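Here the structure comes first, spelled out in structure tokens, and everything after it is commentary.
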Amino acid sequence: MRPGPTPGRTPSSRAAASSRVAGPSEAVAASDWEAAVAAVRGAGLDDEVQLICHVNPDGDALGSMLGFALGLRRLGFTRLRATFPGEFDVPEPYRALPGIDLLVPEQQAYASPALTLIFDVAAESRLGGLASLLDGGSRVVVLDHHASNTGFGDVALVDPGAAATSVVADELLSRLGVPLDAEIAECLYVALTTDTGSFKFVRSPSVHTLAARLIATGISPAAIARRTFDTRPFGAMKLAGEVLGRALLDPAAAGGRGLVWTYATTADLERHGQRPYVLDSLIDPVRGVAEADVAVLVKELVPGEWAVSLRSKGGVDVSAVATALGGGGHRLAAGFTAYGTPDDVIAEIRPLLDAHLT
Ligand code: 5GP
Ligand code: MN
């Protein structure tokens, strides 16, 4: 069975889409959009369709994936599974996202789906054990916005100018004729606000045009913001106090532009009874330090293994630094996985900061 005709978007949303200033349609080749639409249309409604986002998923990874999954459900697809690699620990703020019923642990992923859609994943290494499923003959469409994307997959919709992967997801949903509804919009809105720092890092009016279309479905930005950014356990606040309290300022680093850094261990998490996701937002107060261009947060995932978050105010290309260390990301926000002690990690990063001044 093939997807039947679906209602188009309203004239006003079509107009909004066509008036994009720097939308994804300009960065992604028309032939790639067409190939992605053909890949979805080419799958039968009863075929297995798998959606995957990156390890330790954030709001953009989960929001763009679940929003798109709901769009596929609206098209009539009946066999949908969404998943991500690693421990099945969905951060508390995202547990009530619409479409969360489609999310399964990686152990329950389809072994050989007809179609695989991948969200917010810059490199196959971010797929953990699920990467092996890409060799199984499934048609693979990648939706992403990382400049460091390696171009893996059969169709790569990669727009480094897009504020979030949800911008790319919205465009593909639009091209598939899926009308926005409040559930899809909530997912895409969470994704958009997460990756733009609540619209602080926006570079194009098209982001607000998209936000306006999402809000017009009736979602509540205030309620979503409170749930997503402003609700944390008491223990997470106490943990933040400790982690921020041990930050170090290194004014000579990065060619004198300055580095501020801190770290959090699994022991810190245990002591405060917290799960790792509560550390994700801690890079924000660190990056606000006026005396440093570069901010680094070194987060212990399992003993001796660290997820490193890098941020720059523009004086250093931290994507190049992260890529050199096996990770990736954006010019002003990037990350990689490291081993050893936090001091070892900083010792690795420091010379690379000097090598990638902008
Ligand atoms: P965060 O510091 O918020 O985890 O990530 C910042 C940016 O860097 C995000 O765009 C994220 O996708 C990317 N990033 C973080 N860690 C890694 C990594 O280990 N590998 C790659 N390729 N990108 C990463
Ligand atoms: Mn993203």
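All figures in this text were calculated on a predicted structure; none of them were measured in a lab. Atoms within each ligand, like the ligands themselves, are counted from 1 in listed order.
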**Prompt:** With a 4.0 Å cut-off on heavy atoms, does His54 reach ligand 1?
**Reply:** no
**Request:** Of all N, O or S atoms in Asp60, identify the one at the shortest distance from the Mn ion (ligand 2).
**Result:** OD2
**Prompt:** Taking C-beta and beyond as the side chain, do Ile346 and Leu259 meet within less than 4.5 Å on heavy atoms?
**Reply:** yes
**Asked** Nearest to atom 24 (C) of ligand 1 by heavy atom, Gly328, Ala122, Ala333, Ala322: which?
**Response** Gly328
**Asked** Is Ile184 close to Pro98 at the side-chain level, that is, under 4.5 Å between some pair of heavy atoms?
**Response** no
**Message:** Taking the side chain as everything from C-beta on, heavy atoms only, tell me whether Leu180 gets closer than 4.5 Å to Leu214.
**Reply:** yes
**Item:** Proximal atoms of ligand 1 relative to Phe336 (non-hydrogen, under 4.0 Å)
**Value:** 16 (N), 17 (C), 18 (C), 19 (O)
**Message:** I'd like to know whether CZ of Arg271 has more than 12 heavy-atom contacts from other residues, nucleotides or ligands below 6.0 angstrom.
**Reply:** yes
**Request:** Decide side-chain contact (heavy atoms from CB on, under 4.5 Å) for Leu249 and Trp261; before the verdict, give the C-alpha distance in whole Å, the side-chain angles of both, and the deciding distance to 0.1 Å.
**Result:** CA-CA 7 Å; Leu249 182 64; Trp261 69 278; over 6 Å; no
**Asked** Does the ring center of His54 lie less than 6.0 Å from the ring center of Phe84?
**Response** no
**Asked** ligand 1 and Ser148, any nitrogen or oxygen pair closer than 3.5 angstrom?
**Response** no
**Item:** atom 17 (C) of ligand 1 - nearest protein heavy atom and its distance
**Value:** Gly335 O, 3.2 Å
**Prompt:** Angle subtended at the Mn ion (ligand 2) by OD1 of Asp120 and NE2 of His145, to 10 degrees?
**Reply:** 90°
**Message:** Any heavy-atom pair between the side chains of Leu269 and Pro276 that's under 4.5 Å?
**Reply:** yes
**Asked** Is Asp195 close enough to the Mn ion (ligand 2) to have an N, O or S atom under 2.8 Å?
**Response** yes
**Asked** Do His330 and ligand 1 have an N or O pair less than 3.5 Å apart?
**Response** yes
**Prompt:** Ser309 heavy atoms, cut-off 4.0 Å: which ligand 1 atoms fall inside?
**Reply:** 1 (P), 2 (O), 4 (O)
**Message:** At less than 4.0 angstrom from any non-hydrogen atom of His146, what atoms of ligand 1 do you find?
**Reply:** 9 (C), 10 (O), 11 (C), 12 (O)
**Request:** Might you work through the side-chain contact (heavy atoms from CB on, under 4.5 Å) test for Val308 and Thr337, ending with a clear yes or no?
**Result:** CA-CA 6 Å; Val308 186; Thr337 302; over 6 Å; no
**Item:** Ala334 near ligand 1 by a heavy-atom separation under 4.0 Å
**Value:** yes
**Request:** Evaluate the side-chain proximity of Lys313 to Leu332: yes if any heavy-atom separation is below 4.5 Å, no if none is.
**Result:** no
**Prompt:** Mind checking whether the Mn ion (ligand 2) has an N, O or S of Asp144 under 2.8 Å?
**Reply:** no
**Fill in**
The closest protein heavy-atom partner of atom 6 (C) of ligand 1 is Arg311 NH1, 3.6 Å
